[in-house]
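A quick note: this is a predicted structure, and the numbers were derived from the prediction, not measured. In the text below, chain A, chain B and the rest are named by the order of the sequence lines, each starting its count at 1. Hydrogens, waters and symmetry mates play no part in the numbers below; they use all other heavy atoms, side chains included.
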There are 2 protein chains.
Amino acid sequence: MPREVTLRDVATQVGVSPRTVSRVVNDEGGFSEATRQKVLKAVEQLGYQPNMLARGLITRRSGTVGLVGGGMTDPFFPALAEGIQRKAREAGRTMFFASTDSDPARQADVLKSLWSHAVDGVIVFPALDTIDQLTGYARRGLPVVIVDDQAEAPNLACVSFDLEAGAAMATRHLLDTGLQRLGMIASSLSPPRRRNRERGFLRAMRESGHRASPPEVLRMLPTVEGGEAGMHQLLDRHPEIDGIFAYNDLVAIGAMRAAKSQGRRVPDDIAVVGCDDIDMSSLVTPALTTIRLDRPLLSEEVTQALHDLIEAPGSPRRPVMIPVELVIREST
Amino acid sequence: MPREVTLRDVATQVGVSPRTVSRVVNDEGGFSEATRQKVLKAVEQLGYQPNMLARGLITRRSGTVGLVGGGMTDPFFPALAEGIQRKAREAGRTMFFASTDSDPARQADVLKSLWSHAVDGVIVFPALDTIDQLTGYARRGLPVVIVDDQAEAPNLACVSFDLEAGAAMATRHLLDTGLQRLGMIASSLSPPRRRNRERGFLRAMRESGHRASPPEVLRMLPTVEGGEAGMHQLLDRHPEIDGIFAYNDLVAIGAMRAAKSQGRRVPDDIAVVGCDDIDMSSLVTPALTTIRLDRPLLSEEVTQALHDLIEAPGSPRRPVMIPVELVIREST
DNA sequence: AACGTTGGCGTCAACGTTGACGTAACCGCT
DNA sequence: AGCGGTTACGTCAACGTTGACGCCAACGTT
């Protein structure tokens, strides 16, 4: 098995010191054009690749970032992961990926492991109530970008979608079509602080002068199955419900299935609005009305924020809030 | 910013040498129970985490593996990525993720970068014709597991789904329902050697005694849009076609959309079979008949193969072929 | 009592790279 | 000629860890 090619190999081949090769490779300056040529030729010829472990050990920059999320089962996340990975690579960083299954303990493990690997920073879709965990790492010097939650700490930035506004928009849209009795299927994985979809929904209901019995909010797992179960429960308890705002598109799709299985037509008997605008949403029948989240923009903002934190540690970053948009299709 | 806690810090706190702390942390033996207790206590107290860069530099094991795939746009891949990541973590390894956009040049970049980061091995869903690239790395000493392609080299293993058999099964199923004129929408991203779905389709057609004009095989991008375009083309050229085998479920879903938009009912006027059994497939209407791929099993086999290659470099690994299964739903 | 063996630990060097610093050669200037 | 500055290198140590080896005390054996 051929040993790895090192600076020394290149150096002896060219007839200079390793330090000089290092200078050329990193383009530090302090070498003549002639040696530059020779070194680069030898680098090419021997197939030299810098060893990031050694480099990272001394520069304290490993050239890696971690992406920590709940999992890949919701198609919303992979699409984001891809965008973030692309941006990271453009910035010369390689991405670790780790999923937590939305379990705080696993998230702790994952962060420990990433810290061990000396990542330059992490992007986290936090599991349940783990803000303290994350601010802890940030205080220990790890740049952390939190998606869809708020916190203050050095080395920490937050980027969120404005889902409270989005939820309010969706709710107003439902009310505008003349519906009277709305319900919401929310997520059991969101801690109170992060229930901005619920807040938006309830706010819009209040503002619309809704004064019947308080609107029904159910919390289920944010999956198709959760949506199905939620819809069944909702229809059992309140058969008069004529509109649903779902936590995300998976839940909405599940809800539509449940409605159909009970013989209720969407949108004639009951309207459904989702959230996320995953690819599937335009393909199901009826096509789902939903809140579109600008994923490329989030990728951009998140990597930018992380980059800034890495380059200027501790500098304050104001939280970023990304506006969202309602896409009206056939389910309302 | 607090400096990282090192072996030395633990050592001085306990009053032993760093080497002893290292022995305890790695459970090498050669220490008394008393020191073990003291060391572990100090480790806990100081929050010591081994520095994988330093460790990897000397042991030549970084504790990382790379996952290289085309991208996250096909939901088939994320589901796999998650499984593989989970298995890798269970084996104590952290996963780098990198997507190639099915572009050989990008794949080359990505591999270079992973090599630089001293990954212990890589799992690759190869882009187009990149087997030589991959065997090159394998020969240089990098354990490589290739998914869905075949090659022979030291440090290289292959794991595939038996899609030729799957495609034949699907085709026979279509023929068994009495259909006469079948077409296939294949992928333009598969090099000839990897066109096993096409081979299975054509073989089943031949074996069935099909003797009309040769069945139509179109190659499109393996996306919903590709499937739509493919179906339109196929119906334009051969309006008599009554059954389609699609490269994957996305293509199949696109094909169904196109059929509907032309006023053809699925499955009454035209039947469609997909491949992969992504989550979406059971949710669209009509629910898609498709070839189910056992993703957990693939994750298992792939990580196992990589693990073996890492532990016993150069040892020969026979290629693994995973059987597949036809799931009959409503689209046929 | 002399001897080998073992357990428990320390010492030293090395992994591949870069930061800090040194130095010789050469330039232009007085 | 002497001086200061610059250019193009080289030297050395360090990052945090582990492999190789060495040492000493305690123990059992002859």
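- In this structure, A:Ser32 reaches the D:dC9 phosphate: one of its side-chain N or O atoms is under 4.0 Å from OP1 or OP2.
- Rounded to whole angstrom, the span from the NE2 atom of A:His117 across to the P atom of D:dT17 amounts to 13 Å.
- B:Thr35 has no side-chain polar atom (N or O) that falls below the 4.0 Å cut-off from OP1 or OP2 of C:dG8.
- The side chain to side chain contact (heavy atoms under 4.5 Å, CB included) test applied to A:Gln133 returns A:Gln107, A:Ala108, A:Leu111, A:Thr130, not counting sequence neighbours.
- Residue A:Arg61 contributes atom CZ, which lies 14 Å from atom P of C:dT18 at whole-angstrom precision.
- For B:Phe125, the ring pair (Phe, Tyr, Trp, His ring centres under 6.0 Å) test picks out B:Phe77, with sequence neighbours left out.
- Remark: B:Glu33 engages B:Arg36 in a salt bridge (charged side-chain N to carboxylate O under 4.0 Å, His left out) (not counting sequence neighbours).
- The aromatic rings of A:Phe97 and B:Phe97 sit perpendicular to each other, their planes meeting at more than 60°, with 30° as the lower class boundary.
- Rounded to 10 degrees, the angle separating the terminal axes of the helix from C:dA1-D:dT30 to C:dT30-D:dA1 is 50°, with each axis obtained from five end pairs.
- Counting only residues at least two apart or in different chains, salt bridge (Lys or Arg N to Asp or Glu O under 4.0 Å) contacts with residues 97-117 of chain A comprise A:Asp101-A:Arg106, A:Asp101-B:Arg86.
- Among residues two or more places apart in sequence or in another chain, the salt bridge (charged side-chain N to carboxylate O under 4.0 Å, His left out) test is passed with B:Glu28 by B:Arg19.
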Validation: residues 296-308 of chain A side-chain donor-acceptor distances under 3.5 Å, sequence neighbours left out:
residue: A:Ser299; atom: OG; partner: A:Arg295; partner atom: O; Å: 3.0
residue: A:Glu300; atom: OE1; partner: A:Lys87; partner atom: NZ; Å: 2.8
residue: A:Thr303; atom: OG1; partner: A:Ser299; partner atom: O; Å: 2.5
residue: A:Thr303; atom: OG1; partner: A:Glu300; partner atom: O; Å: 3.1
residue: A:Gln304; atom: NE2; partner: A:Asp308; partner atom: OD1; Å: 2.9
residue: A:His307; atom: ND1; partner: A:Arg93; partner atom: NH2; Å: 2.6
residue: A:Asp308; atom: OD2; partner: A:Arg317; partner atom: NH1; Å: 2.5

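- To the nearest angstrom, P of C:dT17 lies 13 Å from CD of A:Glu28.
- Checking A:Ile58 against A:Glu33, the closest nucleotide of DNA chain D that is more toward the 5' end is the one next to A:Glu33.
- Taking the ring pair (Phe, Tyr, Trp, His ring centres under 6.0 Å) definition, one finds that B:Tyr137 meets it with B:Trp115, sequence neighbours left out.
- Interatomic distance, A:Asn155 CG to A:Thr135 OG1, rounded to the nearest 0.5 Å: 11.5 Å.
- Applying the ring pair (Phe, Tyr, Trp, His ring centres under 6.0 Å) test to A:Phe76 and every residue at least two apart in sequence or in another chain returns nothing.
- In this structure, A:Leu7 places its CG atom 13 Å from P of C:dC15, rounding to the nearest Å.
- Summarising the geometry, the separation between CZ on B:Arg8 and C1' on D:dG16 is reported as 9 Å, rounded to the nearest angstrom.
- With rounding to whole Å, B:Leu57 atom CG is found 13 Å from C:dA13 atom C1'.
- Contacts with DNA chain C (heavy atom under 4.0 Å) in residues 12-27 of chain B: B:Val16, B:Ser17, B:Arg19, B:Thr20, B:Arg23, listed by number.
- As a whole-Å value, the separation of B:Arg60 CZ from C:dC15 C1' is 6 Å.
- Legend: salt bridge (Lys or Arg N to Asp or Glu O under 4.0 Å) pairs involving residues 142-151 of chain A, not counting sequence neighbours, sorted by first then second residue: A:Asp149-A:Arg193, A:Asp149-A:Arg194.
- If you check residues 36-56 of chain B against DNA chain C, you find no residue with a heavy atom closer than 4.0 Å.
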